[in-house]
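All chains are named by letter (A, B, ...) in the order of the sequence lines, taking the proteins before the strands, and each is independently numbered beginning at 1. Treat the numbers as computed from the prediction; the structure is a model and nothing was measured.
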Amino acid sequence: MNNTQFKTDQEFFMDPQRCIGCHACEMACAECETNGQTPMISVDYVDRFTTTQTSVQICMHCEDPVCAKACPADAITKDEFGIVHSANVARCVACSNCVLACPFGVPKKVEPMQLMMKCNMCYDRTSAGKKPMCATVCPSGALWYGKREDIEKARPNSTPVNSFQFGKQAVKTKVNIMMPKGSTQLVVD
Amino acid sequence: MFQTLNLKAVLVATVVTLGLIASVIVGSRNLQNFDGALIAYLFGTIFACFGIAYRYVVWLQRPPTWRYWVRGWQLFFSRKMFVYGWELAKHFFNDFVCQKFIYHRGTKRWIAHLSLVVGCMIAFAVTIPLTFGWIHFGLKQGTIDTYEAYFWGFKTMEFPLHTWIAFNMFHILNWCSVLVIIGVTFMMRRRLTDAGQIAIQTFEGDWLPLILLLAISVTGLGLTWDYEFMQGKAHQFMAISHAISVILFLIWLPFGKFFHLFQRPAQLGVAIYRKEGEIGEQAICPHTEQPFASKLHINDLKEVTKKLGFNYDLKDGTSHLDLSPQGKRAALAKAHLAARKKSGSYFG
């Protein structure tokens, strides 16, 4: 892309355990210009009948994005900074392959527009050296953007992890999840 | 370069291109109706034809694209042909004629895109047959005020000169240019003012196509301006600048944004695939216990992702892909909670 002020020393760190379900991130996400004012973040009640647990999910920006590979229209691309972009509006044929293939359940299809949209880490902001909207408003630190050494200092009992295991599939991501100290992977099965 | 050359695509593209050249020879009656002044446009179109066919075949070979392509035709030629034929007709009208999905992306974007599409499609329908020598005009024998139009050497219509029909037929490309300029103006304005668009746009992906369309339209109008108001004094300059802009457009056609003209019809295949999915069995998410997609789609996706090198099979024999997007997010949150719980501290 054109803008080169993307700060490569800054990373995204997500800790779903800290999510309090306030939806501030969702409101802030709608301010992102690249989404056309549509929130791309997901705040879920994990199992509302048995627990108050809420969870937040942004795009993890996989190193080998299955959404892009499963797209029949070549509409999804990853740039030189590792950002997996929202579908190219001219190409997306609204087939939902990306929506259903993403192991994190991130892409959303906007039916009337016949278009897939997803978090692109607020590219209008991050490409200009700013923090993504959601990370600037999260009151509990579930979403945090900055330097790795800073979060390691602030949260000494946690380790940032960017490796996931979904059954037989290992997935590496640009975005980190904060895990108990010493963890190397989050296994989901 | 030769290591990455796709031989299947080369073969298909060569056959398609030779077919095009043969149709030019036959359609122009052994080139007797071919206009020599358009030779540069013809070479540009032949190059574009080869490039488009090559890229299309490479594109089709991707596992997800091939799956949709095969499924689409299988469904279309099935016993439910009339159901899907009706579905295709509806989607063609809504998505291609009215472009409703773009209307939902924004009214100005819809006006802009519709202007561009109508302008470009009419222009293609006129210029391509003219370039190939498929269409030519001539004076009706024994008259000096009646024109005849021929297609593939067969007379198709005649019309008197100095009438509104003749005026519009001779100026149709000017009306196309006006439509294209309207569309390009809207789109350029958006690319200069929309912060989101500014952040993600590229010169070759977003600006170059608009610049090429604008150049073609302005130089095309310039040709008319020259012979109507300048006694043809600038004809050479106008003709050459128009030819250069059109040929650059034709060369860029297979590579850049314009290729979506050929990819877009896949949307129709997707429409009948979805219709089949709606009629058939639904996939139920084990987490939400709600249907979220068709079983057909989930099963196809499991196969396609495996072909692409992704295996989401779980220990219990099910697949992570059996979960809806909400179910997947919940599974991740639960796994994270379990890991935190196991460590003895929920926060850190």
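With chain A as partner, the option from B:Gln326, B:His104, B:Lys307, B:Gln263 having the largest number of non-hydrogen pairs under 4.5 angstrom is B:His104. For the set B:Gln267, B:Arg274, B:Arg329, B:Lys342, the entry with the most heavy-atom pairs within less than 4.5 Å of chain A is B:Arg329. Ranked by heavy-atom pairs under 4.5 Å with chain A, the first of B:Lys302, B:His260, B:His287 is B:His260. Interface check for chain B: of the options A:Asp15, A:Ile177, A:Val187, the most heavy-atom pairs under 4.5 Å are formed by A:Asp15. Put simply, of A:Asp124, A:Asp44, A:Val110, the one with the most heavy-atom pairs under 4.5 Å next to chain B is A:Asp44. Between chain B and the residues A:Met113, A:Met179, A:Glu111, A:Met178, the most heavy-atom pairs under 4.5 angstrom are made by A:Met113. Comparing A:Val99, A:Leu115, A:Asp47 by heavy-atom pairs within less than 4.5 Å of chain B, the highest count is held by A:Leu115. The candidate with the highest count of non-hydrogen atom pairs below 4.5 Å against chain B, out of A:Asp189, A:Val89, A:Thr51, is A:Val89. Counting heavy-atom pairs under 4.5 Å between each of B:Phe259, B:Trp59, B:Phe292, B:Tyr103 and chain A puts B:Trp59 at the top. Highest contact tally toward chain B, considering only A:Pro16, A:Ser55, A:Gly167, A:Ala90, is held by A:Ala90 [criterion: heavy-atom pairs under 4.5 Å].
A donor atom on one side chain and an acceptor atom on the other are found under 3.5 Å apart for A:Asn120 and A:Thr34. Using modelled atom types, one finds a donor on one side chain and an acceptor on the other under 3.5 Å when comparing B:Gln99 with B:His113.
Ring-plane geometry between B:Phe92 and B:Phe96 is classed as parallel, the angle between the planes falling under 30 degrees on a 0 to 90 degree scale with a further cut at 60. Note on ring orientation: taking the six-membered ring where Trp is involved, the planes of A:Phe6 and A:Phe81 are parallel (angle under 30°, cut-offs 30° and 60°). Classified by interplanar angle (parallel below 30°, tilted 30° to 60°, perpendicular above 60°), the ring pair A:His85/A:Tyr123 is perpendicular. Using the six-membered ring where Trp is involved, B:Phe310 and B:Tyr312 have ring planes that are parallel, under 30° apart on the 30 and 60° scheme.
Taking the six-membered ring where the residue is Trp, the centroids of A:Phe104 and A:Phe166 are separated by under 6.0 Å.
For A:Leu100, the parts sitting under 4.5 Å from any heavy atom of chain B are the backbone and the side chain alike. Contact annotation for B:Ala195: both backbone and side-chain heavy atoms come within less than 4.5 Å of a heavy atom of chain A. Interface remark: A:Cys71 contributes backbone atoms only to the contact with chain B (heavy atom separation under 4.5 Å). For chain B, the nearby part of A:Gln53 is the side chain; its heavy atoms alone come within less than 4.5 Å. When heavy atoms are compared at a cutoff of 4.5 Å, B:His320 approaches chain A solely by way of its side chain, counted from C-beta outward. Looking at B:Asp300, neither its backbone nor its side chain comes within 4.5 Å of chain A, counting heavy atoms on both sides. Contacts of A:Cys95 with chain B are made by both backbone and side-chain atoms, with heavy-atom separations under 4.5 Å. Looking at B:Tyr68, only its side chain comes within 4.5 Å of chain A, counting heavy atoms on both sides. For a residue to count as touching a neighbouring chain, one of its non-hydrogen atoms must lie under 4.5 Å from one of that chain's; by this rule B:Leu337 touches chain A with backbone and side chain alike. In this structure, chain A has a heavy atom under 4.5 Å from the side chain of B:Ile298, while its backbone stays farther away.
A 4.5 Å side-chain heavy-atom check between B:Phe258 and B:Pro209 finds at least one atom pair inside the cut-off. The shortest distance between side-chain heavy atoms of B:Val184 and B:Leu116 falls below 4.5 Å.
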CA sep, side-chain torsions, deciding dist, call: B:Glu303, B:Lys306, salt bridge (Lys or Arg N to Asp or Glu O under 4.0 Å): CA-CA 5 Å; B:Glu303 281 181 36; B:Lys306 278 185 182 163; over 6 Å; no
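In summary, A:Glu31 and A:Lys130 do not engage in a salt bridge, as defined by a charged side-chain N under 4.0 Å from a carboxylate O.
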Please tabulate, for the side chains in residues 155-164 of chain A, all donor-acceptor contacts under 3.5 angstrom to protein atoms that are two or more places apart in sequence or on a different chain.
{"unit_1": "A:Arg155", "atom_1": "NH1", "unit_2": "A:Gly141", "atom_2": "O", "d": "3.2"}
{"unit_1": "A:Arg155", "atom_1": "NH2", "unit_2": "A:Gly141", "atom_2": "O", "d": "2.7"}
{"unit_1": "A:Ser158", "atom_1": "OG", "unit_2": "B:Arg340", "atom_2": "NH1", "d": "3.2"}
{"unit_1": "A:Ser158", "atom_1": "OG", "unit_2": "B:Arg340", "atom_2": "NH2", "d": "3.2"}
{"unit_1": "A:Ser158", "atom_1": "OG", "unit_2": "B:Gly348", "atom_2": "O", "d": "3.1"}
{"unit_1": "A:Thr159", "atom_1": "OG1", "unit_2": "A:Gly182", "atom_2": "N", "d": "2.9"}
{"unit_1": "A:Asn162", "atom_1": "ND2", "unit_2": "A:Thr173", "atom_2": "O", "d": "2.9"}
{"unit_1": "A:Ser163", "atom_1": "OG", "unit_2": "A:Gln185", "atom_2": "NE2", "d": "3.2"}

